[in-house]
Amino acid sequence: MTKLSDRLMEIYRLINQAARVADIGTDHAAIPIALLETNKSSFLVATDIGLGPLEKAKEQIELADLDQAKQIVLRLGDGLSVIKASDKIDTVVIAGMGGELIAKIISKIPDYLKNAKFILQPNNEEIDVRKAIEKNGQYIETEKIIYENRHFYEIIVAKRSQQGIVKMTNRELRFGPCLLKHRTSTFKNKWQERLDHSKQIEKILEKSLQTSTKRYDSLQAEIKTIEEVLK
């Protein structure tokens, strides 16, 4: 199988056997190629908003010399707009984008994708993604956190809720309901790093006599919350 980074391998593992997958913003098509190489997926749509990345994806698929390459459909377009009802997609992967962009994409889920499993990996602003999931009437089935190349990545799996909107607390939106429950060493390392950084800023503000500002108050609240989570 094509070698995947730890981040992409975790996404690969979260995809069910025989899934029909849409990889939004596929870039080099690493996940679709791995899924076909291992016969894990029966049909894939790989999309990108840019022609350049889609051409790269096509080149990588050709280099992989897959007998099943015809099972990958490449489409140029924005977000979920290029996915068709006839594709019968049951799993949507959106990885390697900013959280704000992912939130925007999943705010426009067509009816024929409402029951699909969404595997989302934002590079930042995870809170925006969780807010969009809540607003969509989805719930978070599981979450993973990976450390790779000096960066922490959170992977969020969302599915349609049968009970309507599933409200999350502010803390769950910020830290992740599943990640909070398990609090792995990687999770703790991420927030310890954030805590250390916040305390450095706190010292700078105190030295410059900026302790009566909204920024300082906000920072104090953040430090307190992270310390409580890490206990």
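Not measured: the values here are computed from a predicted model.
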Heavy-atom pair with the smallest gap, counting every atom of [X] and [Y]:
X	Y	answer
L76	L51	CD1-N, 3.6 Å
A30	L4	O-CD2, 3.8 Å
L179	E143	N-OE1, 3.0 Å
R7	A95	NH1-CB, 4.3 Å
T2	E37	N-OE1, 2.5 Å
S198	I223	CB-CG1, 3.8 Å

To the nearest 0.5 Å, how far apart are [atom1] in [X] and [atom2] in [Y]?
X	Y	atom1	atom2	answer
H28	K58	NE2	NZ	15.5 Å
D6	I11	CG	CD1	11.5 Å
R174	T169	CZ	OG1	12.0 Å
N136	I109	CG	CD1	4.5 Å
I102	I156	CD1	CD1	8.0 Å
L80	S107	CG	OG	9.0 Å

Under 4.5 Å between any side-chain heavy atoms of [X] and [Y], yes or no?
X	Y	value
V93	V21	yes
L63	Q60	yes
N189	Y147	no
L205	T211	no
D23	L44	no
E222	L219	yes
S81	K108	no
K104	M97	no

Counting only heavy atoms not in [X], do more than 12 fall under 6.0 Å of its [atom1]?
X	atom1	result
R215	CZ	no
E202	CD	yes
K84	NZ	no

TODO: May I have the step-by-step check of side chain to side chain contact (heavy atoms under 4.5 Å, CB included) for E206 and Y216, ending in yes or no?
DONE: CA-CA 9 Å; E206 287 172 349; Y216 185 79; 2.7 Å; yes
Donor-acceptor check, side chain of [X] to backbone of [Y], threshold 3.5 angstrom: yes or no?
X	Y	value
Y112	I83	yes
S218	K214	no
R20	K88	yes
D78	I49	no
Q138	K114	no

Tell me whether [X] shares a hydrophobic cluster with [Y], the cluster being built from Ile, Leu, Val, Met, Phe, Trp, Tyr side chains joined at under 4.5 Å.
X	Y	value
I94	I127	yes
I145	L14	no
F175	L173	no
M168	I226	no
V129	I165	no

Open item on the list: Evaluate I146 against I155 for side chain to side chain contact (heavy atoms under 4.5 Å, CB included), listing each step before the verdict.
Closed with: CA-CA 8 Å; I146 302 292; I155 302 169; 4.2 Å; yes
Task: From CA spacing to verdict: side chain to side chain contact (heavy atoms under 4.5 Å, CB included), V92, I106 - done: CA-CA 10 Å; V92 177; I106 65 173; over 6 Å; no
Open item on the list: Going by side-chain hydrogen bond (donor to acceptor under 3.5 Å, both in side chains), name the residues that satisfy it together with Q200, two or more places apart in sequence or in a different chain.
Closed with: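 Partners of Q200 under the side-chain hydrogen bond (donor to acceptor under 3.5 Å, both in side chains) test: none.
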Task: Under the side-chain hydrogen bond (donor to acceptor under 3.5 Å, both in side chains) test, residues paired with Q192 that sit two or more places apart - done: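 If we apply the side-chain hydrogen bond (donor to acceptor under 3.5 Å, both in side chains) test to Q192, skipping adjacent residues, the hits are D196.
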- [ ] Pick out which of Q121, E126, E125 makes a side chain to side chain donor-acceptor pair (under 3.5 Å) with N123.
- [x]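 Of the listed options, the one satisfying the test is Q121.
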Open item on the list: As a test of understanding, state which of D87, D48, T26 forms a side chain to side chain donor-acceptor pair (under 3.5 Å) with R75.
Closed with: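 Per the side chain to side chain donor-acceptor pair (under 3.5 Å) rule, the option paired with R75 is D87, out of D87, D48, T26.
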Open item on the list: Using side chain to side chain contact (heavy atoms under 4.5 Å, CB included), reason through E148 and Y153 one step at a time and then give a plain yes or no.
Closed with: CA-CA 8 Å; E148 182 177 82; Y153 296 99; 4.1 Å; yes
Open item on the list: Less than 6.0 angstrom from the centroid, inside 45 degrees of the normal: does K40 satisfy that with respect to the ring of Y12?
Closed with: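 Because its charged atom sits under 6.0 Å from the ring centre and within 45° of the axis, K40 does stack over Y12.
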Task: Ionic contact status for E193 with R150, cut-off 4.0 Å - done: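 Salt bridge between R150 and E193, a charged N being under 4.0 Å from a carboxylate O: no.
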Task: Side-chain ion pair, R13 and E10, N-O less than 4.0 Å - done: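 Yes.
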Open item on the list: So, applying side chain to side chain contact (heavy atoms under 4.5 Å, CB included) with F43, which one of L35, I72, D90, V73 is it?
Closed with: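 Testing each of L35, I72, D90, V73 against F43, the sole residue satisfying side chain to side chain contact (heavy atoms under 4.5 Å, CB included) is V73.
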